[in-house]
2 protein chains.
Amino acid sequence: MATTLQALATHSRLLILSRLRESPATVSQLAEAVEMEQSAVSHQLRMLRHLGLVQGRRSGRSVTYALHDNHVAQLLDEAVFHAEHLRLGARDQADETA
Amino acid sequence: MATTLQALATHSRLLILSRLRESPATVSQLAEAVEMEQSAVSHQLRMLRHLGLVQGRRSGRSVTYALHDNHVAQLLDEAVFHAEHLRLGARDQADETA
DNA sequence: CTGTTGCATGAAGACCTCTACATGTTTGTA
DNA sequence: TACAAACATGTAGAGGTCTTCATGCAACAG
């Protein structure tokens, strides 16, 4: 389970998923969108695939990726929501042990 | 944001948070519950504190930790829910590019 | 003040992860 | 078949993370 959640623990994967949340995209499109090398994107997509977060379909020479289902989109939304909430509340109460 | 979500990306922190979701606990209680050294627990609690996920209050010689608010509990629930869903769906469709 | 308990923190080492480079594989083209 | 395009994958190195050990700090007892 930690492994699954770790999929959202990296900037690059979060960018990829956010991009896919808008609409499906090919690997090269993703690479350009998130400003990463094709190789790096493929590696991350591999992990996301194994975790069941995304899905890839071949069309000719390119492979189009998309979020696996609405569940994933929802997960992303909730993650953003909570992260935002926490970011605000966690301002400086970090060190006040009280 | 990736940093925030990374809090849930580790087995140890997930255990700590799950334990705290039941009820507040002191550091030593946590250490015993999750079977980790007190030092390791403190280190993780530090990170969770800085992220605003937990809150610690001193009572005499011990410090009692608790989830920061209901929001965090909800985040945990949703994480578990989605993780479970994904785990089931991601069975073997990992390699079928179609 | 001295000692003890409970927790925090600094440092180091083992381990894991991410990226870049090179190369392999599949699909389409001529 | 030879070649190019779009991805996938093996590998290695840089960088980050987690745990352990040692130590420091705060609170209470005597």
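Because the structure is a prediction, the values reported are computed rather than measured. Atoms considered below: every heavy atom in the structure, side chains included; atoms not considered: hydrogens, waters and symmetry mates. By convention in this document, chain letters (A, B, ...) are assigned in the order of the sequence lines, proteins followed by strands, and residues within each chain are numbered from 1.
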- Item | Nearest-nucleotide 5' precedence on DNA chain C, A:Ser59 against A:Met36 | A:Met36
- Message: Need to verify one output field. Residue with the more 5' nearest nucleotide on DNA chain C, B:Thr64 or A:Glu37?
- Response: B:Thr64
Quick one: is [X] getting a side-chain N or O under 4.0 Å of the [N] phosphate, OP1 or OP2?
X	N	result
A:Tyr65	D:dA8	yes
A:Thr26	D:dA6	no
B:Arg58	D:dA26	no
B:Gln44	D:dT19	yes
A:Ser62	D:dA6	no
B:Arg49	C:dA8	yes

Between [X] and [Y] (side chain of the first, backbone of the second, donor and acceptor by atom type, cut-off under 3.5 Å), is there such a pair?
X	Y	answer
A:Asn70	A:Ala73	no
A:Arg13	A:Ala7	yes
B:Glu84	B:Phe81	no
B:Asp69	B:Val72	yes

- B:Leu67 and B:Leu53, any side-chain heavy atoms less than 4.5 Å apart: no
- Using a 4.5 Å cut-off on heavy atoms from C-beta on, say whether the side chain of B:Arg19 contacts that of B:Leu15. no
- Message: At a heavy-atom distance below 4.0 Å, what parts of residues 2-25 of chain A sit against DNA chain D?
- Response: none
Quick one: [X] [atom1] to [N] [atom2], roughly how many Å, whole number?
X	N	atom1	atom2	result
A:Leu45	C:dT19	CG	P	12 Å
B:Arg46	D:dT19	CZ	P	15 Å
A:Leu48	D:dC7	CG	P	16 Å
B:Met47	C:dA8	CE	C1'	15 Å
B:His43	C:dG13	NE2	C1'	14 Å
A:Glu32	D:dA5	CD	P	17 Å

- Could a donor-acceptor pair under 3.5 angstrom be found where the side chain of B:Ser42 meets the base of C:dT9? no
- Message: Of the options C:dG6, D:dA22, D:dA5, whose atoms approach the side-chain atoms of A:Arg61 most closely?
- Response: D:dA5
- Distance only, no hydrogens: is a donor on one side chain within 3.5 Å (strictly under) of an acceptor on the other, for A:Arg49 and A:Tyr65? yes
- Query: Which part of the nucleic acid, if any, lies within contact of B:Gln38, taking any heavy atom under 4.0 Å across all strands shown: a base, the sugar-phosphate backbone alone, or nothing?
  - Reply: base
